[in-house]
Amino acid sequence: MSEPRTITDPADPRLADYTGLTDVELRRRREPAEGLFIAEGEKVVRRALAAGYRMRSMLLTPKWLDVMADVIAEADAPVHVVEPALAEAVTGYHVHRGALASMERQPLPDAAELLAGARRVAVLEGLVDHTNLGAIFRSAAALGMDAVLLSPDCADPLYRRAVKVSMGAVFAVPYARLDPWPDALDTVRAAGFELLALTPAETAVDLAVLAPHRLLKAALMLGAEGDGLTRRALAAADQAVRIPMAHGVDSLNVGAAAAVAFYAVTATP
């Protein structure tokens with residue numbers, strides 16, 4: 001058990017992992033380089049620990065000591081207690097959830113390793129919006145997708161915002177990077193997957209007509225909000241598929257489209 005220690009100086013080096021959490025560019029560079037990520041909120045911290053991530057330290061405001069008492073009792077890392085104003089001074093925002101933990105990253109698995117035991121995977125290209133990425137991971141977990149594969153330019157699933165939006169689902173769905181892109185899509189096809197590219201193009205096949213739930217192995221490809229999949233990614237796919245729109249709507253948000261497509265590919269007829 002770690003004995004909680006109160007800290008009153010925002011410049012205390014023990015709080016270094018938590019400084020400038022709202023500086024996206026800084027955190028994007030720093031967190032992977034230092035092998036850490038930040039879990040925010042009681043549920044997310046608990047899910048990270050349950051998934052086997054090791055805690056580096058925990059930052060709590062006083063009222064969260066009782067709520068997190070069992071976690072503290074099991075912790076083998078420092079537990080820092082700070083007043084809400086000091087937490088805001090360190091992190092750069094009002095930490096209304098009151099519980100943060102700095103966690104150690106784990107090595108990413110090889111894409112081929114993930115594909116070996118999977119039947120339904122999502123392949124994401126150029127997803128740089130952490131909110132959309134987190135939403136997609138949450139849907140992937142809820143709807144039974146086996147894995148998520150990311151192009152090299154996709155955002156970090158362990159960035160605080162993505163983890164928060166996913167409600168910790170990024171810990172439940174294994175993921176890997178596909179590099180080089182899009183040539184590494186050959187790895188997916190070689191594992192027996194049919195590559196289905198989501199696009200609003202009228203020439204694409206209606207998902208319901210294709211009946212993707214009947215495919216032995218299916219990989220759903222989704223592109224960034226607005227631009228969608230690049231021409232090179234579309235060209236690498238086996239089939240372009242679309243979700244039919246009504247009332248003059250041209251397309252769905254990529255997070256919503258992913259949820260619909262995940263259901264279509266995993267639903268039992």
Side-chain angles (χ1 to χ4, degrees), residues 108 110-112 114-115 118-140 143-157 162 173-267:
L108 286 185
D110 181 72
L114 287 188
L115 292 168
R119 294 186 61 246
R120 299 289 184 261
V121 301
V123 180
L124 308 182
E125 181 190 34
L127 264 289
V128 296
D129 184 283
H130 293 100
T131 298
N132 285 333
L133 189 64
I136 288 172
F137 265 90
R138 187 172 184 182
S139 294
L143 296 169
M145 300 297 284
D146 297 316
V148 175
L149 302 176
L150 308 167
S151 68
D153 56 346
C154 277
D156 178 11
V173 182
Y175 66 93
R177 297 275 179 182
L178 281 175
D179 193 17
W181 181 267
D183 295 346
L185 288 171
D186 289 341
T187 302
V188 184
R189 186 178 289 105
F193 286 81
E194 184 160 350
L195 291 163
L196 308 178
L198 266 290
T199 171
E202 292 291 340
T203 54
V205 176
D206 186 327
L207 259 179
V209 172
L210 181 66
H213 60 280
R214 299 185 187 277
L215 296 174
L216 181 62
K217 292 185 177 183
L220 287 166
M221 300 168 58
L222 297 112
E225 186 77 21
D227 294 335
L229 292 166
T230 62
R231 290 182 181 180
R232 293 179 67 201
L234 287 168
D238 297 308
Q239 180 70 62
V241 294
R242 68 188 297 269
I243 300 169
M245 299 288 107
H247 300 293
V249 177
D250 59 354
S251 64
L252 294 173
N253 166 275
V254 66
V260 173
F262 294 166
Y263 179 77
V265 82
T266 58

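These numbers come from the heavy atoms of this one structure, side chains and all, not from hydrogens, waters or symmetry mates.
Here the closest non-hydrogen pair linking A233 and E125 is CB-OE1, 3.4 Å. Here the closest non-hydrogen pair linking L114 and A118 is O-CB, 3.6 Å. Residues A197 and L234 share a closest heavy-atom pair of CB-CD2, 3.7 Å.
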Can you give the donor-acceptor pairs under 3.5 Å from side chains of residues 235-245 to other protein atoms, not counting sequence neighbours?
unit_1: D238; atom_1: OD1; unit_2: R189; atom_2: NE; d: 3.1
unit_1: D238; atom_1: OD1; unit_2: R189; atom_2: NH2; d: 3.4
unit_1: D238; atom_1: OD2; unit_2: L195; atom_2: N; d: 2.7
unit_1: R242; atom_1: NE; unit_2: A201; atom_2: O; d: 3.3

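Between L229 and L222, the closest side-chain pair of non-hydrogen atoms is not below 4.5 Å. Taking the side chain as every heavy atom from C-beta outward, I136 and L124 approach each other to under 4.5 Å. Here the side chains of L150 and P157 are in contact, with some heavy-atom distance below 4.5 Å. By the 4.5 Å heavy-atom criterion applied to side chains, V148 and V121 are not counted as neighbours.
The stretch residues 175-197 participates, sequence neighbours left out, in these ring-ring contact (aromatic ring centres under 6.0 Å, His included) pairs: F137-Y175. Every pair passing side chain to side chain donor-acceptor pair (under 3.5 Å) that includes a residue from residues 144-153 is listed here, sequence neighbours excluded: S151-D153. Listed by first then second residue, pairs satisfying salt bridge (Lys or Arg N to Asp or Glu O under 4.0 Å) with a partner in residues 243-252 number zero, not counting sequence neighbours.
Applying the side chain to side chain donor-acceptor pair (under 3.5 Å) criterion to T131, with sequence neighbours excluded, gives R161. By the side-chain contact (heavy atoms from CB on, under 4.5 Å) test, A218 pairs with R120, L196, L215, V265, sequence neighbours left out. Take T187 and apply the side chain to side chain donor-acceptor pair (under 3.5 Å) test, not counting sequence neighbours, and it matches no residue. Taking the side-chain contact (heavy atoms from CB on, under 4.5 Å) definition, one finds that N132 meets it with L127, D129, E225, N253, V254, sequence neighbours left out. Residues that satisfy the side-chain contact (heavy atoms from CB on, under 4.5 Å) test with A111, not counting sequence neighbours, are L149, A176, L178. By the side-chain contact (heavy atoms from CB on, under 4.5 Å) test, A208 pairs with D206, sequence neighbours left out.
Atom CG in L198 sits 6.0 Å away from atom CG in L207 (nearest 0.5 Å). Taken to the nearest 0.5 Å, the OH atom of Y263 stands 9.5 Å off from the NE2 atom of H213.
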